[in-house]
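The first residue in the sequence is number 1, and the count goes up from there. Side chains are part of it too, since the values below use all heavy atoms of this structure and drop only hydrogens, waters and symmetry mates.
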Amino acid sequence: PKTTKTTEHTIEAMQHFCGPRDRIASFYCDNVPEPVSSARKLKWRLSTATTDMPQTNGVAENCVRLTKEGGGCGIVQSGLNASTFRPEARQHYCFSTDIAIIDGDSAYNRRHRAGRFKGLSFPFGAPVDFMPQNDTRVESMVSKTVPGVFIGYHVNAGGLWSGDYY
């Protein structure tokens, strides 16, 4: 998520989503300039919804609504500032949905064929103890961890978890 919706930011987001080895056979979006011009620059086969008729884009609109509501629930339950953490809460919601086991499998496993998610699952904004970066000085006679707040998972291009948390 970016604060602006430029073509460059849209291309960056699309490339991060699809990953380096994915081949996009078809891309469907509403008829707004940024996704259309980005798909064309990436040479993706493009189909668009009918302008000013949201019912022709119902599946995508429902996914956007679920993401906004899911991220909003995470913010409310965490008590964090909505204007500051909205993008991170939405990313957390999407990744948590991907790793959720439904009918014995997850979207994460179906896409990456990596088995069940190997990391820990935390709610957005949960209090956690984490290992600080090497440049942070921690007293030698106290715990090596520092209290913090869980924001999300670091995900590489293509949606594969890097093994790091935020």
Side-chain angles (χ1 to χ4, degrees), residues 1-5 8-29 35 38-39 42 44 59-166:
K2 301 288 184 185
T3 55
T4 63
K5 294 182 180 180
E8 290 77 23
H9 285 158
T10 304
I11 288 172
E12 182 181 325
M14 291 163 77
Q15 288 177 325
H16 184 76
F17 177 79
C18 71
R21 293 186 305 267
D22 292 337
R23 183 181 167 277
I24 306 303
S26 179
F27 179 73
Y28 182 82
C29 65
S38 299
L42 291 169
W44 290 0
V59 173
E61 293 293 337
N62 189 48
C63 290
V64 169
R65 182 176 149 232
L66 287 173
T67 300
K68 286 180 176 181
E69 290 175 355
C73 286
I75 289 173
V76 168
Q77 292 172 352
S78 72
L80 295 174
N81 184 337
S83 62
T84 305
F85 290 102
R86 185 173 290 118
E88 291 84 359
R90 289 176 179 170
Q91 284 181 333
H92 178 275
Y93 171 79
C94 290
F95 192 75
S96 294
T97 302
D98 282 350
I99 63 174
I101 305 296
I102 299 171
D103 295 329
D105 203 4
S106 67
Y108 184 85
N109 179 51
R110 287 191 302 274
R111 180 171 186 192
H112 301 293
R113 311 230 188 285
R116 290 192 174 177
F117 176 66
K118 308 289 189 281
L120 299 172
S121 181
F122 295 100
F124 181 77
V128 293
D129 290 329
F130 67 95
M131 295 293 290
Q133 297 292 326
N134 293 334
D135 61 351
T136 303
R137 183 168 165 77
V138 178
E139 296 297 323
S140 62
M141 298 302 287
V142 298
S143 173
K144 300 288 184 214
T145 61
V146 176
V149 176
F150 183 76
I151 301 299
Y153 306 88
H154 180 255
V155 179
N156 292 321
L160 194 60
W161 181 53
S162 71
D164 293 330
Y165 302 97
Y166 294 128

Parallel, tilted or perpendicular: rings of Tyr153 and Trp161 (30°, 60°)
perpendicular

Is any side-chain heavy atom of Phe27 closer than 4.5 Å to a side-chain heavy atom of Pro35?
yes

Rounded to the nearest 0.5 Å, what separation is found between the OG atom of Ser83 and the CG atom of Leu80?
11.0 Å

Asn156 side chain reached by His154 side chain, heavy atoms, under 4.5 Å
yes

Is there side-chain contact between Leu66 and Tyr93, with at least one heavy-atom pair below 4.5 Å?
yes

Distance from Lys118 atom NZ to Ile99 atom CD1, nearest 0.5 Å?
12.0 Å

Do you know the tightest heavy-atom contact between Arg116 and Gly104?
NH2-O, 4.1 Å

Close side-chain approach of Asn109 and Ile101, heavy atoms under 4.5 Å:
no

Phe150 vs Phe130, test: ring-ring contact (aromatic ring centres under 6.0 Å, His included). Steps then yes/no.
CA-CA 9 Å; Phe150 183 76; Phe130 67 95; over 10 Å; no

Heavy-atom closest pair, residues Val128 and Val149
CG2-C, 4.0 Å

For Asp105 against Arg110, the heavy-atom pair lying closest together
OD2-CG, 3.2 Å

Mark yes or no for whether Tyr165, through its side chain, and Leu120, through its backbone, hold a donor-acceptor pair below 3.5 Å.
yes

Going from OG on Ser78 to CD on Glu88, what distance comes out if it is rounded to the nearest 0.5 angstrom?
11.0 Å

Can you measure from CG (Leu160) to CZ (Arg111) and round to the nearest 0.5 angstrom?
9.0 Å

What is the distance from atom CZ of Phe124 to atom CD of Gln91, rounded to the nearest 0.5 Å?
9.5 Å

Considering only heavy atoms from C-beta outward, does the side chain of Arg90 approach that of Arg86 to under 4.5 Å?
yes

